[in-house]
A.B. asks: 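Handing you this structure, nothing more for now.
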Amino acid sequence: PYESDSETEEETRPTKSLREQQRVQVNCYVTFVDMEGRTDGTSSSNIIVQLMPKRVVIVHGSHASTQALATLCYDSQASAKKEVYTPGIGETLNVSSGINIYKIKLTDALFKQTRLLSVQESMLGFVSGQIQYAQNDELPVLGVNNAGMESRWLPPMMVGDPKLSALRAVLNGRGISTYFDTEGTLVCNNSVAIKLAANKRRKTEGLQIQGNLSEDFYLIRSVVYGHFATV
């Protein structure tokens, strides 16, 4: 093929390679990142102090190191009151939050008359019956109590976290004007007040609705009742 003179001269042009050593100052630093997921004793103690957990389960360690870490967890400076468990090999623990949870069977008659509500990922309902204990190791049975329990009135219970801020957003979505006063009470349509009230008998915190009986009062009360699951 035809080649121009300029291309031929560029390929045959003489070249020369030079080498030179210079000292270069690198203005940076190297940071070590531990990606292994292991910690030493000092790191473990610092993590516990910062997290302040309510329950600690110590596994996968020697007896001496396990007891040393458990002693640190019991230290008042490391955290407030908490439960520390050091189970052995094959030991089973129950560290659930609900310590007063008991398993029981419901009879078909009692289950059919129980109204269940869907609360998040669980089914919740209120039952009242009579416990029958079995002779063997089987679970006790809760059956219908025929001694006048049908005529007994029980106040309804609302299930949920009574947060006035979340309730305010629901009321605003229904076109109800709301604002918080200086005492933290939620005032609705300048006529109904909603505030948190402690229930000493149940040792829980609930809501208290105050206001004159009016159309706004019943509307706001229905919105509040609909925001929580009532059993």
Side-chain angles (χ1 to χ4, degrees), residues 51-55 80-82 94-132 139-231:
L51 291 180
M52 299 182 64
K54 295 181 179 179
R55 296 175 182 85
K81 298 180 180 179
K82 61 174 166 291
N94 183 10
V95 293
S96 59
S97 299
I99 57 177
N100 294 327
I101 296 178
Y102 304 95
K103 294 182 179 180
I104 195 171
K105 291 182 179 179
L106 270 68
T107 60
D108 294 339
L110 182 61
F111 183 77
K112 289 180 180 179
Q113 70 180 26
T114 302
R115 186 173 65 95
L116 297 178
L117 299 175
S118 178
V119 180
Q120 295 182 356
E121 299 179 357
S122 304
M123 300 298 296
L124 184 66
F126 181 83
V127 296
S128 178
Q130 185 176 5
I131 299 179
Q132 300 176 359
L139 294 176
V141 178
L142 182 64
V144 178
N145 186 5
N146 297 323
M149 292 300 297
E150 293 79 2
S151 60
R152 180 183 176 186
W153 180 84
L154 295 173
M157 293 186 299
M158 293 184 180
V159 181
D161 192 4
K163 290 184 178 180
L164 293 180
S165 57
L167 186 59
R168 181 186 183 185
V170 175
L171 292 170
N172 291 337
R174 296 291 298 271
I176 301 173
S177 62
T178 60
Y179 67 91
F180 286 102
D181 62 3
T182 57
E183 297 181 356
T185 302
L186 182 62
V187 181
C188 309
N189 283 351
N190 293 323
S191 59
V192 179
I194 304 175
K195 62 181 180 180
L196 296 175
N199 191 326
K200 297 181 179 180
R201 184 173 61 88
R202 295 178 181 175
K203 297 181 180 180
T204 57
E205 193 174 48
L207 295 176
Q208 190 177 60
I209 305 176
Q210 298 177 347
N212 296 327
L213 299 181
S214 60
E215 183 178 354
D216 285 343
F217 178 85
Y218 290 111
L219 173 62
I220 294 170
R221 189 184 66 172
S222 63
V223 174
V224 173
Y225 284 2
H227 181 63
F228 300 96
T230 305
V231 296

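What you see below is based on every heavy atom in this structure, not just the backbone, and it leaves out hydrogens, waters and symmetry mates.
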A.B. asks: Indicate the atoms forming the closest heavy-atom contact of R168 with Y179, along with that distance.
C.D. replies: NH2-CA, 3.9 Å
A.B. asks: OG1 of T185 to CG of L164: how many Å apart, nearest 0.5 Å?
C.D. replies: 8.0 Å
A.B. asks: How long is the span from the CZ atom in R174 to the SG atom in C188, to the nearest 0.5 Å?
C.D. replies: 12.5 Å
A.B. asks: So if I apply the side chain to side chain contact (heavy atoms under 4.5 Å, CB included) rule between T178 and each of I220, L186, V187, which one comes out positive?
C.D. replies: L186
A.B. asks: Once you round to the nearest 0.5 Å, how far does CD of Q132 lie from CD1 of I104?
C.D. replies: 9.5 Å
A.B. asks: Hey, is CG on N212 packed in by over 12 heavy atoms from elsewhere, all under 6.0 Å?
C.D. replies: no
A.B. asks: With rounding to the nearest 0.5 Å, note down the distance linking CG in L171 to OG in S177.
C.D. replies: 9.5 Å
A.B. asks: Is it the case that over 12 heavy atoms from other parts of the model lie below 6.0 angstrom from the CZ atom of F111?
C.D. replies: no
A.B. asks: Taking all atoms of both residues into account, what is the closest heavy-atom pair of Y218 and L213, and its distance?
C.D. replies: OH-CD2, 3.8 Å
A.B. asks: Let me confirm one number: the CG-CZ distance from N189 to F217, rounded to the nearest 0.5 Å.
C.D. replies: 13.0 Å
A.B. asks: Atom NZ of K112 and atom CG of L106: how far apart are they, to the nearest 0.5 Å?
C.D. replies: 13.0 Å
